[in-house]
Each structure stands twice: as C-alpha cells, then as structure tokens.
> 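Below you'll find the structure I mean.
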Amino acid sequence: MTTVAAYAAPTAKAPLERTTIERRPVGEFDVLIDIKFAGICHSDIHQAREGWGEAIFPMVPGHEIAGVVSEVGSGVTKFAVGDRVGVGCMVDSCRECENCKAGEEQYCVKGNIPTYNGIGVDGTPTYGGYSEKVVVDENYTVRIPDGLSLDVAAPLLCAGVTLYSPLKHWNAGPGKKVAVVGLGGLGHMGVKIAHALGAEVTVLSQSLRKKDDGLKLGADHYYATSDPKTFEELASSFDLIVSTVSAPLDFAAYLSLLKTDGALVNVGAPEEPVSFNLFPLIMARRTLAGSCIGGIRETQEMLDFCAEHNIGSEIELISASEINEAYERVLASDVRYRFVIDTATI
C-alpha cells in the first residue's frame with residue numbers, strides 16, 4: 001500500500017480537508033498515475049453533500065484526472081512510464097455483460113465501479129482525483145494526446161465526454177440544428193464540440209449575461225429562456241437539444257422547441273423528481289432521453305477529436321486550499337467555466 005495526501009469530505013456536507021489515504025499496490029495490469037490536475041465537477045458537490053442519496057465517507061471526490069504514469073504492472077501493454085494519461089468517472093466494470101463487451105462500460109448492467117464513492121473489486125472504497133496519486137487498471141485509463149495540455153484536458157474526462165457522447169449518438173453535424181441548455185462547465189464543452197462537428201449551435205441560457213462568451217466559444221445564436229418570446233420564436237426549430245442543467249426544467253416548453261423526430265437529451269441530473277405534460281412529446285414524435293458519460297473507447301475518441309480541433313476546457317486553476325471556496329462558487333455559477341485543482345498543492 002502507498003500512503004498519499006488527499007482532500008476529503010469527512011462526513012456529508014462537511015468542508016473538505018487535507019488528509020492521507022491508502023492506494024493499493026500496483027497489480028499486474030495496473031498503472032500508477034502521478035496526478036497533476038483534477039477538475040471539479042458539479043457532481044462532486046452533489047455526492048459530497050449527499051444530494052443524490054446516501055454516500056460513502058470519508059470521500060475523496062474527483063473523476064476528471066490528468067497525470068503521468070510513474071509505474072506499470074508486469075502485464076501492462078497499453079502504457080509506459082512517462083505517458084500522459086487520464087481517468088474519468090469509472091475505474092472498472094463487470095467486463096462480461098452485453099454493454100461492457102460493446103464498449104459501453106458506462107452502462108454496465110451490473111453497474112460500473114465509480115472512480116470515487118464506490119466499492120472496488122477488492123471490497124474497499126474508491127477514492128478520486130483530489131489526491132497525489134491513483135492506481136487504475138490499464139483498461140480504464142486513456143491516453144491524453146500531446147496536443148492537449150494536462151490542465152485543460154482534465155475536465156474532458158467527464159465534461160467533455162458527457163457532451164461528446166450524446167452529440168455523436170444523435171448525429172450532430174452539418175445540416176443539424178443543435179441547442180445547448182446552460183453555458184456552464186458542461187454546456188461550454190457542448191458548444192465547442194457541436195461547433196467542431198459542424199452543427200448550427202444555439203445556446204439557451206437564463207439570461208444574456210454570457211452571450212459574448214457563448215459566441216466566442218462557437219455558438220451561432222444565443223437566447224435568454226427567461227424571455228417568453230424565446231419559446232415562441234424557436235418553436236419546432238431544433239433537431240437536438242442537450243440540457244446540461246442540474247435543476248428541474250419546464251420539459252413541455254423545451255420539448256416544444258424540437259422538430260418532429262427531434263430529441264431532448266438530459267445530461268444534467270437534478271436532485272429533485274420532475275414531472276411534465278406529455279402532449280408536446282406525443283404530438284410531434286419527439287424523444288426525451290438521457291445520456292451518461294461515454295465508454296473507454298469513446299472517451300479516447302473524444303480526446304483525439306479535441307486534440308485534432310484544439311479543444312480544451314476553459315478553466316480557472318486553483319490550489320487545493322481553495323476547494324471549499326470553489327464549491328460555493330460553482331453553486332453560485334461563479335466560474336468560467338471549470339475549476340481545476342493543481343494537485344501539486346495538495
């Protein structure tokens with residue numbers, strides 16, 4: 001076992017504090033990663049504060065991990081010491097179900113093992129990226145292309161693939177009109193990726209406060225959803241809407257913005273249940289769907305795509321001592337657009 005420094009929430013809703021954790025020995029197919037940067041995802045806050053239900057404490061959050069391989073197991077063939085690598089939202093899965101065999105490990109029928117707030121195959125809790133090092137099976141590790149700096153690449157391991165996956169699955173590209181709801185840590189990646197795929201991109205945000213940013217990031221249009229005229233003007237306009245917000249929406253209103261056979265895909269996960277009128281769904285053969293990150297193969301595909309198109313996350317680099325302040329700023333929507341921890345400060 002290796003003892004490493006980390007930042008952990010000792011109990012639900014408690015401030016994160018510096019501590020030490022144990023990392024397992026490097027196994028035959030494992031890589032030891034010196035973590036360089038770790039993104040702060042809104043889901044870290046949901047889980048550290050038990051917004052999504054009972055969690056495991058102490059909790060070391062972080063599933064947007066970018067670092068460098070410092071040791072490999074005897075059976076490792078995919079990576080070598082010195083390789084630049086990343087780890088996203090999962091560190092294992094059953095590897096036997098239909099979804100795992102299809103490269104869709106995020107939808108493992110038995111449930112994948114999350115990077116943190118989970119139980120590993122050895123029966124011990126998993127700890128995430130707010131730490132100095134992590135040991136991960138090579139099959140759940142991805143390569144970060146040289147064209148991406150590690151700091152702006154870290155959020156791609158969750159925010160990037162969370163948007164890339166539905167955009168690819170629902171065929172965003174030339175000739176398609178795509179709307180992104182919310183311009184935050186997830187939404188700004190959706191704008192960049194949809195633009196790079198060749199779609200006509202619209203941002204739907206509560207206000208026009210970030211309009212200039214949205215247009216610079218690649219949006220063609222920007223509308224305020226607080227203006228009722230927006231829903232009148234944009235009725236039946238979009239082939240695809242991706243909602244990134246983690247608060248309940250007026251789904252009937254947003255469904256009315258879709259063309260016939262259009263899809264509204266949710267990647268944000270509100271803590272509260274939602275309800276809505278089904279008629280806008282039924283009357284135009286529209287689809288309401290969800291999407292959750294991507295498999296390992298698709299995550300690598302996304303990283304290669306982002307390197308090719310020079311896409312990184314827009315980040316604010318912070319020290320580990322600023323994590324608790326960063327959490328409050330995320331909740332206040334006071335970040336443009338992703339906090340990334342310099343783990344050298346842990």
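Just so you know, residue 1 is the first one in the sequence shown, and it goes up from there.
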> Roughly how far, to the nearest 0.5 Å, is CG of D213 from CZ of R336?
4.5 Å

> Of all heavy-atom pairs between K78 and E138, which one has the smallest distance, and what is that distance?
N-OE1, 3.0 Å

> Would you say that V242 contacts L186 through its side chain, given a criterion of any heavy-atom pair below 4.5 Å between the two side chains?
no

> Could you state the interatomic distance from CD1 (I65) to SG (C158), rounded to the nearest 0.5 Å?
11.0 Å

> Among N324, V330, L331, find the residue that satisfies the side chain to side chain contact (heavy atoms under 4.5 Å, CB included) test when tested with E328.
L331

> Output, in order, the C-alpha distance, side-chain angles, deciding distance and verdict of side chain to side chain contact (heavy atoms under 4.5 Å, CB included) for I318 and I40.
CA-CA 10 Å; I318 63 170; I40 293 180; 3.9 Å; yes

> Take a 6.0 Å sphere around NE2 of H195 and say whether it holds more than 12 heavy atoms from other residues, nucleotides or ligands.
no

> Please answer whether the main-chain N or O of S205 pairs with a side-chain N or O of T225 as donor and acceptor at a distance below 3.5 Å.
yes

> Would Q106 and E104 count as having a side-chain donor-acceptor pair, cut-off 3.5 Å?
yes

> When Y254 is tested against each of N266, V181, L234 for side chain to side chain contact (heavy atoms under 4.5 Å, CB included), which residue passes?
V181

> Is a side-chain N or O of S291 found less than 3.5 angstrom from the main chain of V267, in a donor-acceptor match?
no

> If you count the non-hydrogen atoms of other residues, nucleotides and ligands that lie under 6.0 Å from CD in Q206, is the total more than 12?
no

> Examine the side chains of D44 and Y327 and answer whether a donor and an acceptor come within less than 3.5 Å of each other.
no

> Show, in sequence, the C-alpha distance, side-chain angles and deciding distance for H188 and K210, and conclude whether the side chain to side chain contact (heavy atoms under 4.5 Å, CB included) test is met.
CA-CA 10 Å; H188 90 285; K210 300 178 183 177; over 6 Å; no

> When clusters are formed by joining ILVMFWY residues with side-chain heavy atoms under 4.5 Å apart, either directly or through shared neighbours, do F29 and V85 land in the same one?
no

> Using a distance-only test with no angle check, is there a side-chain donor-acceptor pair under 3.5 angstrom linking S93 and Y140?
yes

> Quick one: are M189 and Y337 in side-chain contact, heavy atoms under 4.5 Å?
no

> Would you say the side-chain atoms of R84 pair up with the backbone N or O of P145, donor to acceptor, closer than 3.5 Å?
yes

> Classify the angle between the aromatic ring planes of H42 and H46 as parallel (below 30°), tilted (30 to 60°) or perpendicular (above 60°).
parallel

> For T126 and G120, indicate whether the former's side chain and the latter's backbone hold a donor-acceptor pair under 3.5 Å.
no

> Over all heavy atoms of both residues, which pair between V31 and T141 is shortest? Give the atoms and the distance, please.
CG2-OG1, 3.7 Å

> Over all heavy atoms of both residues, which pair between L258 and T287 is shortest? Give the atoms and the distance, please.
CD1-O, 4.2 Å

> When rounded to the nearest 0.5 angstrom, what is the spacing between OG in S149 and CD1 in I315?
7.0 Å

> How about D250 and F276: do any of their side-chain heavy atoms sit closer than 4.5 Å?
no

> Do R23 and E132 sit within salt-bridge range, that is, some charged N less than 4.0 Å from a carboxylate O?
no

> Are I341 and L148 linked, directly or through intermediate hydrophobic residues, by side-chain heavy-atom contacts shorter than 4.5 Å (ILVMFWY only)?
no

> Which atoms form the tightest heavy-atom contact between A154 and G39, and what is the distance?
CB-N, 4.2 Å

> Are P280 and R286 close enough that some pair of their side-chain heavy atoms sits under 4.5 Å apart?
yes

> What's the separation between atom OG in S165 and atom CD in E298, rounded to the nearest 0.5 Å?
3.5 Å

> Has K229 got more than 12 heavy atoms of other residues, nucleotides or ligands less than 6.0 Å from its NZ?
no

> For the side chain of D220 and the backbone of T202, is there at least one donor-acceptor N/O pair under 3.5 Å apart?
no

> So P10 and E17, do their side chains get closer than 4.5 Å, heavy atoms only?
yes

> On a heavy-atom basis, which atom in S243 and which in L264 lie closest, and how many Å separate them?
CB-CD1, 4.4 Å

> Here's a test for you: under side chain to side chain donor-acceptor pair (under 3.5 Å), which of K177, E200, K211 qualifies with H221?
E200

> Give a yes or no on whether D261 atom CG has more than 12 heavy-atom contacts from other residues, nucleotides or ligands under 6.0 Å away.
yes

> Show your working on side chain to side chain contact (heavy atoms under 4.5 Å, CB included) between I35 and S131 and close with a plain yes or no.
CA-CA 7 Å; I35 300 173; S131 57; 3.6 Å; yes

> When clusters are formed by joining ILVMFWY residues with side-chain heavy atoms under 4.5 Å apart, either directly or through shared neighbours, do L303 and V69 land in the same one?
yes

> Measure from the side-chain N and O atoms of D122 to the backbone N and O of T124, and report whether any donor-acceptor pair falls under 3.5 Å.
yes

> Cluster question for you: counting only ILVMFWY and a side-chain heavy-atom cut-off of under 4.5 Å, with indirect links fine, are L204 and L208 together?
no

> Backbone N or O of T260 within a donor-acceptor pair of the R285 side chain at under 3.5 Å?
no

> Donor-acceptor check, side chain of E28 to backbone of G73, threshold 3.5 angstrom: yes or no?
no

> Under a 4.5 Å cut-off applied to non-hydrogen side-chain atoms, are L217 and L183 in contact?
yes

> So how far is it from L157 CG to M302 CE, rounded to the nearest 0.5 Å?
6.0 Å

> Between the main-chain N or O of C89 and the side-chain N or O of T115, is there a donor-acceptor pair closer than 3.5 Å?
yes

> Establish whether V161 and V152 are linked, either directly or via other cluster members, by ILVMFWY side-chain heavy-atom contacts under 4.5 Å.
yes

> A quick test of your reading: do over 12 heavy atoms of other residues, nucleotides or ligands sit less than 6.0 Å from CD of E98?
no

> Looking only at heavy atoms, which two atoms of R338 and S313 are closest? And how far apart?
CB-OG, 3.6 Å

> Distance alone, cut at 3.5 Å: any donor-acceptor contact between the side chains of E322 and S319?
yes

> Atom CD1 of I33 and atom CD of E71: how far apart are they, to the nearest 0.5 Å?
12.0 Å

> Determine, step by step, whether W170 and K176 satisfy the side chain to side chain contact (heavy atoms under 4.5 Å, CB included) criterion, reporting the C-alpha distance in whole Å, the side-chain angles of both residues, the deciding distance to 0.1 Å, and the verdict.
CA-CA 10 Å; W170 275 275; K176 294 295 183 72; over 6 Å; no

> Does any part of the side chain of F305, heavy atoms only, come nearer than 4.5 Å to the side chain of I311, both counted from C-beta?
yes

> Are Y116 and V60 packed together at the side-chain level, in the sense that at least one heavy-atom pair is separated by less than 4.5 angstrom?
no

> Kindly say whether M90 contributes a backbone atom to a donor-acceptor pair with the side chain of N112 at under 3.5 angstrom?
no

